[in-house]
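The figures that follow rest on heavy atoms only: side chains count, while hydrogens, waters and symmetry mates do not.
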Amino acid sequence: MIKKCEYEWAQNKAVEMMKNLGIRVKTDEEKMVSIADFGLSDFKKEGAQILTFFNTERISAKVIVLFKNQTLPEHWHPPVGDDPGKEEVIRIIDGTVYFYIPGQDTVKEGFIPERKEEYYTARNENIMKAGDQIIIEPGVKHWFQAGKEGAVMYSISTCVRDGLDGFTDPNVVRETQIIDE
Ligand code: ZN
């Protein structure tokens with residue numbers, strides 16, 4: 001869960017970061033920026049700010065904003081019926097992103113969130129900067145983290161079914177609960 005005031009703070013900060021990069025966000029879209037805490041209730045450590053431009057039956061485009069050292073938890077996009085699962089391209093607009101996929105453990109510049117070792121199994125580190133992009137095939141585990149300056153990136157993909165994504169951490173709940181106090 002996340003407090004309403006913190007939710008709004010994160011929305012405003014994410015919008016400001018996008019605007020500073022020349023990404024036009026309409027006023028009605030500002031309130032559509034969603035803050036995901038993945039049910040872990042510590043979104044500045046494990047969380048993400050996401051603005052979905054569109055999500056049709058077949059294609060989706062989003063901007064993902066990560067604050068300083070914020071980590072989007074390890075997950076994968078499983079097959080759904082005849083669909084092999086979401087294919088996703090992450091392209092960095094600004095900042096440094098430590099992107100992890102399965103392979104040799106080369107974690108060095110980024111870090112595994114404290115006491116969460118078992119939930120971050122993909123340990124092959126890819127350091128990405130503005131203009132870098134990575135294609136994530138369906139079913140491949142991945143997680144990523146912003147460097148000290150935070151980061152802004154595009155996520156272009158086939159149809160998104162967030163509710164069906166698999167997360168390594170069994171405590172993850174995809175719906176973020178907002179509380180008043
Ligand atoms: Zn993903």
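Using modelled atom types, no side-chain atom of D132 and backbone atom of I92 make a donor-acceptor pair closer than 3.5 Å. Between the E87 side chain and the P138 main chain, no donor and acceptor come within less than 3.5 Å of each other. Side chain of N124 to main chain of Q104: a donor-acceptor pair is present (N/O by atom type, distance under 3.5 Å, no hydrogens or angles).
In summary, the side chains of T121 and E74 do present a donor paired with an acceptor at a separation below 3.5 Å, with no hydrogens or angles considered. Looking only at atom types and distance, the side chain of E149 has no donor-acceptor partner in the side chain of T96 under 3.5 Å away. Side chain to side chain, E125 and Y100 meet the donor-acceptor criterion of an N or O pair below 3.5 Å. A donor-acceptor contact closer than 3.5 angstrom links the side chains of D165 and H77. If you check the side chains of K86 and T158, you find no donor sitting under 3.5 Å from an acceptor.
Scanning both residues, I178 and K4, for their nearest heavy atoms gives CG2-CA, 3.7 Å. For the residue pair A122 and W143, the shortest heavy atom distance occurs at O-NE1, 2.7 Å. Among all heavy-atom pairs drawn from K62 and I50, the shortest one is CD-CG2, 3.7 Å. Considering all non-hydrogen atoms of both residues, D83 and G85 come closest at OD1-N, 2.7 Å. Contact detail for F43 and A36: the closest heavy-atom pair is CB-O, 4.2 Å. When every heavy atom of Y98 is checked against every heavy atom of G147, the shortest pair comes out as CE1-CA, 3.8 Å.
The closest side-chain heavy-atom distance from N126 to I101 is below 4.5 Å. Here the side chains of I90 and Q133 are not in contact, with every heavy-atom distance at 4.5 Å or above. Under the 4.5 Å side-chain criterion, counting only non-hydrogen atoms from C-beta, F144 is not in contact with P73. In this structure, P78 and W76 have side chains that are in contact, with non-hydrogen atoms separated by less than 4.5 Å. Inter-residue side-chain proximity for F38 and D169 is flagged as unmet; no heavy-atom pair is nearer than 4.5 Å. For the pair F54 and I59, the minimum side-chain heavy-atom distance is below 4.5 Å. Contact check for H142 versus E88: side-chain heavy atoms found under the 4.5 Å cut-off. In this structure the side chain of M32 reaches within 4.5 angstrom of the side chain of L51, judged on heavy atoms.
Here K116 pairs with E46 in a salt bridge; the nearest charged N to carboxylate O distance falls below 4.0 Å. With salt bridges taken as basic N to acidic carboxylate O contacts below 4.0 Å, none links R123 and E117.
Following chains of ILVMFWY side-chain contacts shorter than 4.5 Å, one can reach V152 starting from F67, so the two form part of one hydrophobic cluster. Cluster membership for I136 and I64, using ILVMFWY side-chain heavy atoms within less than 4.5 angstrom, is shared. In the hydrophobic cluster analysis, where Ile, Leu, Val, Met, Phe, Trp and Tyr join through side-chain heavy atoms closer than 4.5 angstrom, V97 is grouped apart from I156. Neither Y154 nor L66 shares a network with the other; the hydrophobic side chains, linked directly or stepwise wherever heavy atoms of I, L, V, M, F, W or Y lie under 4.5 Å apart, form separate groups for each. I112 and I127 end up in the same hydrophobic cluster when Ile, Leu, Val, Met, Phe, Trp and Tyr side chains are linked at under 4.5 Å.
Rounding to the nearest 0.5 Å places OG1 of T27 at 5.5 Å from CD of E30. Atom CZ of R174 and atom CZ of F167 lie 5.5 Å apart (nearest 0.5 Å). The CD1 atom of I35 sits 8.5 Å away from the OG1 atom of T176 when rounded to the nearest 0.5 Å. To the nearest 0.5 angstrom, N12 atom CG is 9.5 Å from K19 atom NZ. To the nearest 0.5 angstrom, Q11 atom CD is 12.5 Å from E6 atom CD. Interatomic distance, CG of D94 versus CG of L21, reported as 4.5 Å (0.5 Å rounding).
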Take H75 and T168 through the side-chain contact (heavy atoms from CB on, under 4.5 Å) test and state the conclusion after the steps. CA-CA 6 Å; H75 66 282; T168 309; over 6 Å; no

side-chain contact (heavy atoms from CB on, under 4.5 Å) between N171 and L40, worked out: CA-CA 7 Å; N171 303 307; L40 303 173; 3.8 Å; yes

Kindly indicate, with the supporting measurements, whether the criterion side-chain contact (heavy atoms from CB on, under 4.5 Å) is fulfilled by V172 and Y119. CA-CA 10 Å; V172 164; Y119 305 141; over 6 Å; no

Could you walk me through whether Q145 and L72 satisfy the side-chain contact (heavy atoms from CB on, under 4.5 Å) test, starting with their C-alpha distance in whole Å, then the side-chain angles of each, then the deciding distance to 0.1 Å, before giving a yes or no? CA-CA 6 Å; Q145 181 177 73; L72 195 151; over 6 Å; no

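Applying the side-chain contact (heavy atoms from CB on, under 4.5 Å) test between N20 and each of M17, E16, M18 identifies E16 as the sole match.
More than 12 heavy atoms of other residues, nucleotides or ligands sit less than 6.0 Å from atom CD of E8.
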